[in-house]
**Student:** 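Before we start, here is the structure in question, set down as structure tokens.
We count ligands from 1, going down the list as the structure has it; atoms in each ligand are counted the same way.
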Amino acid sequence: MTTLTPTHSSSIPNLDPAIEAIRAKVTAGIRLSLDDGKVLYETDDIWSVLELAKLVRDRMHPGVAYYNINRHLNYSNVCALSCKFCEFARKQGDEGEYTRDLEYIKEQGRKAVKSGATEFHIVGGLNPYLPFEYYTDMLKALREVAPQVHLKAFTAVELVHLARIAKVYKREDPKIGVRWVLEKLKEAGLGSLPGGGAEVFDERVHKEAFKTKIGAHEWLDVHLVAHELGLNTNCTMLYGHVDKQDERLRHMEILRRSQDQALHRLGYESDPDGYIAQGVVESEQITAPVITLNKAGVKLPTPDGVFFQRAATVRERSSLECQSIRPLPHGRGSSEKTRIRGGYYQTITPLPFFPDGSDLEDLPGPTGLENLRTLAITRLMLDNFPHVKSFWIMQSLPMAQLMLESGADDIDGTVVWYDITKAVGEGTHQETTELDLKRAIIEAGYEPVERDTLYRRVDRDGSRWWVSK
Ligand code: V47
């Protein structure tokens with residue numbers, strides 16, 4: 001039997017002076033370094049880490065927390081890959097394998113309309129037996145029966161697979177085939193991309209846990225092309241298996257550099273407090289300046305357009321910083337107004353590893369405190385991500401409540417059916433009600449705001465809904 005020793009002393013709070021330097025940066029909205037991230041992971045003073053993440057979250061989303069009325073749809077669990085962490089995938093002919101036909105898909109669409117859902121989250125395995133038309137037909141069928149419901153579909157991993165089966169994949173530049181695929185899917189009704197399949201961007205972890213899946217380069221290329229086409233995307237980090245803390249921090253650095261690139265394209269100005277970790281993303285060829293969104297007053301991008309406020313002059317900025325007053329937002333010239341459209345990462349969702357049923361089921365999976373800390377660090381490091389999601393299905397609703405106090409501003413939606421991971425004692429029917437989501441948010445001290453996939457406020461009258469004016 002292993003003997004467990006306490007990792008920190010019993011005195012609470014465990015104040016750590018190293019946190020104070022980070023607190024000053026967080027208060028001023030200055031980008032944290034990877035060394036800061038290491039302190040946040042290693043400190044005994046976890047409560048200060050959570051408190052700092054809450055400070056940023058409250059500055060970006062004062063008083064509110066988001067949820068949506070959605071449905072997840074897994075169209076097939078047949079998958080050519082054999083990722084060690086995955087319990088979802090089956091081979092054709094295995095017990096429990098399935099591939100949904102168009103009738104099933106349409107039925108789901110009709111149910112979604114009846115329940116007032118605003119979003120379908122659609123993902124599946126890399127099924128080698130389905131033609132490319134299956135995917136366009138699926139989107140068109142949903143468009144037909146549920147024209148108002150946003151279709152957030154297909155991870156970067158599936159999109160590369162689609163380029164292959166459509167025979168447009170070019171090894172020398174995967175972006176070409178992926179662009180073709182995304183254009184066709186957009187025509188069929190695709191609205192945005194979910195964030196799955198990112199796992200942890202690290203070659204060691206890739207080799208050890210998901211060798212045959214696309215790596216960081218291709219994942220990032222797919223999201224780059226989607227952003228160039230004006231599609232918003234999400235991203236994830238699947239942690240708590242064979243990964244190490246410094247690999248998670250590098251994953252976060254790569255994602256925030258990728259978001260720097262997206263925001264730069266949209267016209268956001270560079271942040272003079274920029275920090276770029278050396279040696280992490282050269283190979284991804286990201287040359288954009290650092291752009292942050294977590295300073296007080298910075299307008300977050302929205303798909304409907306956002307107007308930058310006046311840029312602070314260098315003198316104003318340094319004077320404010322000397323006085324320890326929160327700096328003004330940065331933006332374009334004095335009264336210039338810039339319209340932002342889609343083409344950026346909306347949300348990061350940290351995904352805690354579920355060992356049961358996977359090839360890595362001997363591993364214990366992350367603990368509650370590890371989940372809280374990782375979510376808080378994600379909020380603190382990813383200073384240019386508008387939202388951080390605590391996916392209640394994987395974190396549990398009680399834990400998602402705590403996470404709203406520790407960096408998260410979103411808990412996802414009603415879900416209904418989910419097959420990728422199952423909580424103990426749960427099958428694929430994993431549903432909660434709007435009432436429960438709202439109750440959880442209110443109890444955590446925030447006003448629940450129903451959002452659509454693009455984070456616009458939603459008003460509704462029963463199952464009828466519209467985006468608020
Ligand atoms: O891509 C697979 C991960 C992802 C396991 O974009 C596992 O808004 C934990 O991406 N333990 C699917 N994780 C979920 C996902 C997601 C969820 C909610 C919202 C959004 C969004 C995205 O789950 C997969 C994979 O990375 N996964 N197996 C496992 N055993």
**Student:** Does ligand 1 have any N/O pairs with the protein under 3.5 Å, and how far apart?
**Tutor:**
unit_1	atom_1	unit_2	atom_2	d
ligand 1	1 (O)	G197	N	2.9
ligand 1	6 (O)	G195	N	2.7
ligand 1	6 (O)	N234	ND2	3.3
ligand 1	8 (O)	K152	NZ	3.0
ligand 1	8 (O)	N234	ND2	3.0
ligand 1	8 (O)	K389	NZ	2.7
ligand 1	10 (O)	G196	N	3.4
ligand 1	11 (N)	F354	N	2.9
ligand 1	26 (O)	E199	OE1	2.6
ligand 1	26 (O)	E199	OE2	3.4
ligand 1	30 (N)	F85	O	2.8
ligand 1	30 (N)	F354	O	3.0

**Student:** Would you check if R57 and L404 make a side-chain contact, meaning some heavy-atom pair closer than 4.5 Å?
**Tutor:**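 Yes, their side chains come closer than 4.5 Å.
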**Student:** Can you name the one residue among H429, H72, H121 that meets ring pair (Phe, Tyr, Trp, His ring centres under 6.0 Å) with Y418?
**Tutor:**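 Only match with Y418 under ring pair (Phe, Tyr, Trp, His ring centres under 6.0 Å): H72.
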**Student:** Can you sort out the partners of D419 under side chain to side chain donor-acceptor pair (under 3.5 Å), two or more places apart, ordered by chain and number?
**Tutor:**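 With neighbours one apart ignored, the set is Y98, K422.
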**Student:** Kindly write out the residues that satisfy ring pair (Phe, Tyr, Trp, His ring centres under 6.0 Å) with Y455, not counting sequence neighbours, or none if the list is empty.
**Tutor:**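 For Y455, the residues satisfying ring pair (Phe, Tyr, Trp, His ring centres under 6.0 Å) (neighbours in sequence not counted) are Y66, H387.
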**Student:** Could you label the plane-to-plane angle of the Y135 and Y75 rings as parallel, tilted or perpendicular, counting under 30° as parallel and over 60° as perpendicular?
**Tutor:**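 Y135 vs Y75 ring planes: perpendicular.
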**Student:** Quick one: side-chain hydrogen bond (donor to acceptor under 3.5 Å, both in side chains) pairs with a partner in residues 220-232, sequence neighbours left out?
**Tutor:**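 Sorted result for residues 220-232: R179-E228, H223-T233, H227-T233, N232-Y344, N232-Q346.
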